[in-house]
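In what follows, a structure is listed as structure tokens, so that the remarks can point back to it.
In the text below, chain A, chain B and the rest are named by the order of the sequence lines, each starting its count at 1. Computed from heavy atoms alone, side chains included, the values below leave out hydrogens, waters and symmetry copies.
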There are 2 protein chains.
Amino acid sequence: MYLSRPAEYALRASTYLARLEPGKRVTSSQLAQAVDVPPAFLSKIMRRLTANGIVDSKKGHHGGFVLARPPVEIRFLDILRAVEFGPIKDHCLFGLGNCNADNPCPLHVEWEILKQQIEQWARTHTLGESLNAAQAFKQKQA
Amino acid sequence: MYLSRPAEYALRASTYLARLEPGKRVTSSQLAQAVDVPPAFLSKIMRRLTANGIVDSKKGHHGGFVLARPPVEIRFLDILRAVEFGPIKDHCLFGLGNCNADNPCPLHVEWEILKQQIEQWARTHTLGESLNAAQAFKQKQA
DNA sequence: AACTCAATGGATTGTCAAGTCCATTGAAAT
DNA sequence: ATTTCAATGGACTTGACAATCCATTGAGTT
């Protein structure tokens with residue numbers, strides 16, 4: 001495992017939204033069903049996406065969630081950051097507070113390389129890329 | 001977070017072993033102290049490293065652990081695999097059982113890219129690289 | 001042979017992230 | 001105005017992973 005549940009769920013949900021007709025709103029529980037995550041928990045995650053301007057929410061009748069911007073403008077990084085991705089960036093494998101390029105722990109350099117790659121990945125991929133996959137959701141194992 | 005505690009601890013401990021004079025044995029509790037992980041828990045992790053031939057253990061007087069091979073021959077991948085790294089490799093973000101290149105989930109391709117990069121990283125780096133870092137262990141935040 | 005030291009294995013407990021519940025707020029429909 | 005629908009926020013519970021405990025095994029020492 002290397003993505004928290006909230007992170008994984010947030011990616012699922014926003015990918016689902018990206019694949020809807022633009023502008024179409026979907027309620028949290030519809031989303032939860034489609035994307036197969038516990039409703040109450042997803043609701044919580046959606047709040048974070050809303051607070052971070054990734055999604056727009058509307059209450060009441062015909063309320064629900066839409067992406068706040070076109071999919072190609074939403075980077076994975078934006079989504080991951082919205083649900084706490086931070087700790088990764090500055091986490092020393094050895095738990096040293098003072099671990100940096102000048103004063104590196106034994107694995108600092110190698111670890112840095114991986115962290116950079118991951119962040120690079122998250123920065124360069126967007127929801128736009130998810131749009132034309134054949135298989136969508138809910139086709140669980142036979 | 002994206003490394004389990006056991007994974008992080010295993011890396012710490014084996015890096016520590018790599019930095020000792022070759023052949024020097026260290027007990028689990030010395031290790032635990034040096035590397036700052038709970039003794040009983042580290043002990044458990046060391047068993048896995050032993051079982052996977054990464055480390056050699058000896059009981060009783062002057063017993064303890066040594067690396068089973070020279071540091072340059074121990075890849076991060078070996079260590080991570082020893083403490084359960086597997087689930088990552090074949091984990092679909094959407095929880096679909098039947099997600100693959102032919103029948104991809106909406107994020108399959110992008111996710112695959114990242115997974116590959118991570119595995120590539122783990123395969124190409126070894127404990128040998130940790131040998132000449134300046135700062136070693138235990139210099140915790142001031 | 002008796003003693004000590006240290007790894008092993010498994011059962012047990014603790015903790016925090018994951019997940020649930022419920023009362024409140026706000027927006028639209030009648 | 002009232003009702004209904006859906007998001008919001010926070011308090012609460014649960015479960016999985018992290019960590020502890022203890023009895024056993026095996027290897028040196030004397």
Quick one: does A:Arg12's side chain have a donor or acceptor within less than 3.5 Å of a partner on A:Val35's backbone?
-> yes
A:Thr126 backbone acceptor or donor facing A:Glu129 side chain under 3.5 Å |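 Between the backbone of A:Thr126 and the side chain of A:Glu129 there is a qualifying donor-acceptor contact (under 3.5 Å).
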Under 4.0 Å from OP1 or OP2 of [N]: is there any side-chain N or O of [X] that close?
X: A:Ser57; N: D:dT8; answer: yes
X: B:Ser43; N: C:dA6; answer: no
X: A:Tyr9; N: C:dG19; answer: yes

Closest heavy-atom pair and its distance - A:Ala10, A:Ile45 | CB-CG2, 3.9 Å
Could you give the [atom1]-to-[atom2] distance, from [X] to [N], as a whole number of Å?
X: B:Ile54; N: C:dA7; atom1: CD1; atom2: C1'; result: 17 Å
X: B:Leu42; N: D:dC17; atom1: CG; atom2: C1'; result: 17 Å
X: A:Arg12; N: C:dA18; atom1: CZ; atom2: P; result: 13 Å
X: B:Ile45; N: D:dA19; atom1: CD1; atom2: C1'; result: 10 Å
X: B:Met46; N: C:dG9; atom1: CE; atom2: C1'; result: 16 Å
X: A:Arg47; N: D:dA6; atom1: CZ; atom2: C1'; result: 12 Å
X: B:Lys44; N: D:dA23; atom1: NZ; atom2: C1'; result: 15 Å
X: B:Phe41; N: C:dT8; atom1: CZ; atom2: P; result: 16 Å

Would you classify B:Pro6 as touching base, sugar-phosphate or nothing, given that sugar-phosphate means primed atoms plus P, OP1 and OP2, and contacts are heavy atoms under 4.0 Å?
-> sugar-phosphate
Can you check whether any acceptor in the base of C:dG19 is under 3.5 Å from a donor in the side chain of A:Arg5, or vice versa?
->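 No such pair is found, so the answer is no.
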Derivation of the salt bridge (Lys or Arg N to Asp or Glu O under 4.0 Å) call for A:Glu8 and A:Arg5 | CA-CA 5 Å; A:Glu8 177 167 330; A:Arg5 285 280 189 34; 5.9 Å; no
B:Lys44 side chain near B:Arg47 side chain, heavy-atom distance below 4.5 Å =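 They are in side-chain contact.
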Side chains of B:Ser14 and B:Ile74: does their closest heavy-atom pair fall under 4.5 Å?
-> no
Given C:dG9, D:dA19, D:dA6, which nucleotide is nearest the side-chain atoms of A:Thr27?
->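 Nearest to the side chain of A:Thr27 among the choices is D:dA6.
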B:Ala40, nearest nucleotide to its side chain (from C:dG19, D:dT20, C:dA18) = D:dT20
Would you jot down, in residue-number order, the residues of residues 58-65 of chain B having a non-hydrogen atom under 4.0 Å from DNA chain C?
-> B:Lys58, B:Lys59, B:Gly60, B:His61, B:Gly64, B:Phe65
Could you label the plane-to-plane angle of the B:Phe76 and B:His125 rings as parallel, tilted or perpendicular, counting under 30° as parallel and over 60° as perpendicular?
-> parallel
